[in-house]
Number of protein chains: 2
Amino acid sequence: MTPERFAFFNHLIDHRQLDLTLVNDGIHKQQNLSAILRTCDAVGIARIHRVFDHRSARTFRGTAAGSHKWVDVVTHETSSEAILPLKEQGFQIVAAHLTESSVDFKAIDYTKPTAIVMGNEKFGVSDEALALCDHVVTIPMIGAVESLNVSVAAALILYEAMRQREHTEAFGVRQMGEEAAQKLLFEVTQP
Amino acid sequence: MTPERFAFFNHLIDHRQLDLTLVNDGIHKQQNLSAILRTCDAVGIARIHRVFDHRSARTFRGTAAGSHKWVDVVTHETSSEAILPLKEQGFQIVAAHLTESSVDFKAIDYTKPTAIVMGNEKFGVSDEALALCDHVVTIPMIGAVESLNVSVAAALILYEAMRQREHTEAFGVRQMGEEAAQKLLFEVTQP
Ligand SMILES: C[S@@+](CC[C@H](N)C(=O)[O-])C[C@H]1O[C@@H](n2cnc3c(N)ncnc32)[C@H](O)[C@@H]1O
Ligand SMILES: C[S@@+](CC[C@H](N)C(=O)[O-])C[C@H]1O[C@@H](n2cnc3c(N)ncnc32)[C@H](O)[C@@H]1O
């Protein structure tokens, strides 16, 4: 590995956001999943959670080009199975959901450990997931359409999180343990 | 029409951004086009431009649910045909493009009349379009993937534009002439 490439990977590892994650609560279109994975990688997310969508029962195939070594996707049977362990680890749970009682997505403090819950293309976030959320946020829309594409909505929230995190002292300070970092470095540099 | 609905439509018309537009420079996946149209509607854009993609030669079919009456899509044969009239009308032309010499997308003043140029899924923004641009912007990415999905990238830039515009005095002041507003109101209230 060239020194440039080594420096590049170290930079990536220093900026991995172990305390930021996404819970895909039943999103099933392949193109949306792939767009979301690319965005997660772009903001430094190491692992996301996926609730198996029983309504459409599709299987998850493939990954976004280049991101599969970097972003882990953990599959769960139910929303609770995905969300409860995150709550125990101290993550605030923020659902992106279109409802009257939600707050502007920019009003949340994303510098705290945060899991963003995104809903199914047609049915939105499940009631089971909503019951476990600390906050429900909406991205303001001034037009006539009812909702944004789910990968677009996820990106707007994740980049808002990054915008806030960039201004903290912890930004760029390695969160990953030495062993995990070495393991990742080894994996990504394998052909 | 109920008074609530009338007030809703008037609010939309007051927030239409006639001096903000998007030039789709050869994007051809239907799902991306549809996601972009929804986002354009959500930030109040009235009209976007589309350069026919000769490389893939697909025709544009359909529109995003609910947005077709609100967002006009004007098709052009070449990038110049789309961009030159906008330049003449005083729009600054901002290409979203991944290159070393580009600037952070947040560094641009989007309160000026602005057209955002988005590129093809595979080939990016065309050389013809790049030659006509005033600025080239990139959305920072700290991971390993090479680019974001095009509809995700468009949304991040358009919502940054809205973020800036929301803080100006002109925000919410009707830009549309009375006649155009009445015509639109008539159209959208037709079944
Ligand atoms: C296409 S939307 C689902 C719409 C569904 N009909 C509903 O009312 O929930 C898919 C997901 O994208 C996210 N989403 C889309 N637009 C949003 C917005 N403006 N604010 C917050 N989340 C949004 C939510 O997570 C939603 O569950
Ligand atoms: C999938 S990308 C095209 C990638 C293409 N291989 C290239 O290098 O240009 C499609 C379009 O999305 C936009 N885009 C994607 N990621 C971007 C980023 N990080 N910054 C700016 N624009 C981006 C650009 O308009 C680009 O032309």
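A, B, ... follow the sequence lines: proteins, then strands. Residue 1 opens every chain.
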Chemist: So if you build clusters from Ile, Leu, Val, Met, Phe, Trp, Tyr with side-chain heavy-atom gaps below 4.5 Å, do V74(B) and V43(B) land together?
Modeler: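 The answer is no; the residues belong to distinct hydrophobic clusters.
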Chemist: Can you establish whether the number of heavy atoms outside D127(B) located under 6.0 Å from its atom CG is more than 12?
Modeler: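 Counting other residues, nucleotides and ligands, CG of D127(B) stays at 12 neighbours or fewer.
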Chemist: Output the residues of residues 147-162 of chain A for which the shortest heavy-atom distance to chain B is under 4.5 Å, in residue-number order; output 'none' if no such residue exists.
Modeler: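 Residues S147(A), L148(A), N149(A), S151(A), V152(A), A155(A), L156(A), Y159(A), E160(A), M162(A) are the ones that qualify, each having a heavy atom under 4.5 Å from chain B.
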Chemist: Is R163(B) close to K106(A) at the side-chain level, that is, under 4.5 Å between some pair of heavy atoms?
Modeler: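 Yes, close enough: below the 4.5 Å cut-off.
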Chemist: Using a cut-off of 6.0 Å, state whether more than 12 heavy atoms not belonging to K87(A) lie near its atom NZ.
Modeler: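 Enclosed: over 12 neighbouring heavy atoms sit under 6.0 Å from NZ of K87(A).
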Chemist: Taking non-hydrogen atoms and a cut-off under 4.5 angstrom, which of residues 129-142 of chain A neighbour chain B?
Modeler: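 The stretch touches chain B at I139(A), P140(A), M141(A), I142(A).
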Chemist: With the 4.5 Å side-chain cut-off for hydrophobic clustering, are V103(A) and V94(A) part of the same group?
Modeler: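 The answer is yes; both residues are in one hydrophobic cluster.
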Chemist: Do L84(B) and V125(B) sit in the same hydrophobic cluster, where Ile, Leu, Val, Met, Phe, Trp and Tyr count as joined when their side-chain heavy atoms come under 4.5 Å apart?
Modeler: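 Linked within one cluster.
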Chemist: For chain B, which residues from residues 17-24 of chain A have at least one heavy atom closer than 4.5 Å to it?
Modeler: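 Contacts with chain B: none.
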Chemist: Taking the side chain as C-beta and beyond, is there a heavy-atom pair between Q31(B) and Q30(A) under 4.5 Å?
Modeler: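 No, side chains not in contact.
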Chemist: With sequence neighbours left out, which residue pairs that include part of residues 93-103 of chain A fulfil the salt bridge (charged side-chain N to carboxylate O under 4.0 Å, His left out) condition?
Modeler: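 Non-adjacent pairs meeting salt bridge (charged side-chain N to carboxylate O under 4.0 Å, His left out): zero.
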Chemist: With hydrophobic residues grouped by side-chain heavy-atom distances under 4.5 Å, do F6(A) and L12(A) end up in a single group?
Modeler: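 Yes; L12(A) is reachable from F6(A) via cluster members.
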